[in-house]
Amino acid sequence: MAQYIEDVHDVARLIPPGRVTNYGAIADFLTLGSARMAGWAMNKAHGDETIPAHRVVNRKGELSGRNHFATPTLMQERLEAEGVEVVDNKIVNFDELFWSPTELLK
DNA sequence: CATGTGACTCTTA
DNA sequence: GTAAGAGCCACAT
């Protein structure tokens, strides 16, 4: 397994419950060079249930990866189960719920 | 070896 | 304010 993919998955697991982050933040934190790499790495997380992939969304807080889950609604359901409001596939109060991996360095 | 695709983001018109 | 284009890197075919 490529190291950077493990790193991305690691970061995903470190996201606190009820919080979310975006691909760009992860890519920047791991210096992947592109947000697409983070997204692509998450694609490899498909099927790995130990990874809370539902807490990773695009920069607008939209659930862009919902189609990669078992069902298109699973991602939203998991977020709502953690207290995150989701309307029309977008996270409510995304600015407040946003979490960056750099928070760990403080 | 070359081409197409993607769970993205930023810049320019 | 909205819309379109380009850059980004790795992987599958």
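Numbers restart at 1 for each chain; the letters A, B, ... are given by sequence-line order, proteins then strands. Note that this is a predicted model, so its numbers are computed, not measured.
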Please identify each residue that fulfils side-chain contact (heavy atoms from CB on, under 4.5 Å) with A:Asn43, with sequence neighbours left out. A:His68
What pairs of nitrogen or oxygen atoms, one from the protein and one from nucleotides 4-7 of chain C, lie under 3.5 Å apart?
none

Which whole-number value in Å describes the distance from A:Met37 CE to B:dT9 P? 12 Å
Residues, nucleotides or ligands: over 12 heavy atoms within 6.0 Å of A:Glu6 CD: yes
Take A:Glu62 and A:Val57, measure what side-chain contact (heavy atoms from CB on, under 4.5 Å) needs, and give me the verdict at the end. CA-CA 6 Å; A:Glu62 299 172 339; A:Val57 298; over 6 Å; no
A:Leu105, A:Leu30: one ILVMFWY side-chain cluster at the under-4.5 Å cut-off? yes
How far does OG1 of A:Thr73 sit from CG of A:Asn89, to the nearest 0.5 angstrom? 9.5 Å
Taking the nucleotide of DNA chain C with the nearest heavy atom to each, does A:Gly33 or A:Ala2 sit closer to the 5' end? A:Gly33
Report the distance from atom CG of A:Leu79 to atom CZ of A:Arg66, rounding to the nearest 0.5 Å. 12.0 Å
About how many Å separate CD1 of A:Ile15 and NE2 of A:His54, when rounded to the nearest 0.5 Å? 8.5 Å
Near DNA chain B, under 4.0 Å by heavy atom, which residues of residues 40-72 of chain A? A:Met42, A:Asn43, A:Ala53, A:Asn58, A:Arg59, A:Ser64, A:Gly65, A:His68, A:Phe69
Nearest 0.5 Å, please: how far is CG in A:Leu104 from CH2 in A:Trp99? 4.5 Å
Contact list please: residues 81-99 of chain A against DNA chain B, heavy atoms, distance less than 4.0 Å, in numerical order. none
In whole Å, what separates the P atom of C:dA6 from that of B:dG4? 15 Å
Listed once per pair and sorted, the side-chain hydrogen bond (donor to acceptor under 3.5 Å, both in side chains) pairs that draw on residues 21-35 of chain A, sequence neighbours left out: none
Distance in Å, A:Met37 CE paired with A:Asp7 CG, rounded so as to fall on 0.5 Å steps: 14.5 Å
For DNA chain B, the residues among residues 12-32 of chain A that have a non-hydrogen atom under 4.0 Å from it: A:Asn22, A:Tyr23, A:Gly24
Qualifying residue for side-chain contact (heavy atoms from CB on, under 4.5 Å) with A:Val86, from A:Met75, A:Glu77, A:Glu80: A:Glu80
Closest non-hydrogen atoms of A:Ala53 and A:Met42, given as atom of the first, atom of the second and distance, are CB-CE, 3.6 Å
What is the distance from atom CG of A:Asn58 to atom NZ of A:Lys60, rounded to the nearest 0.5 Å? 6.5 Å
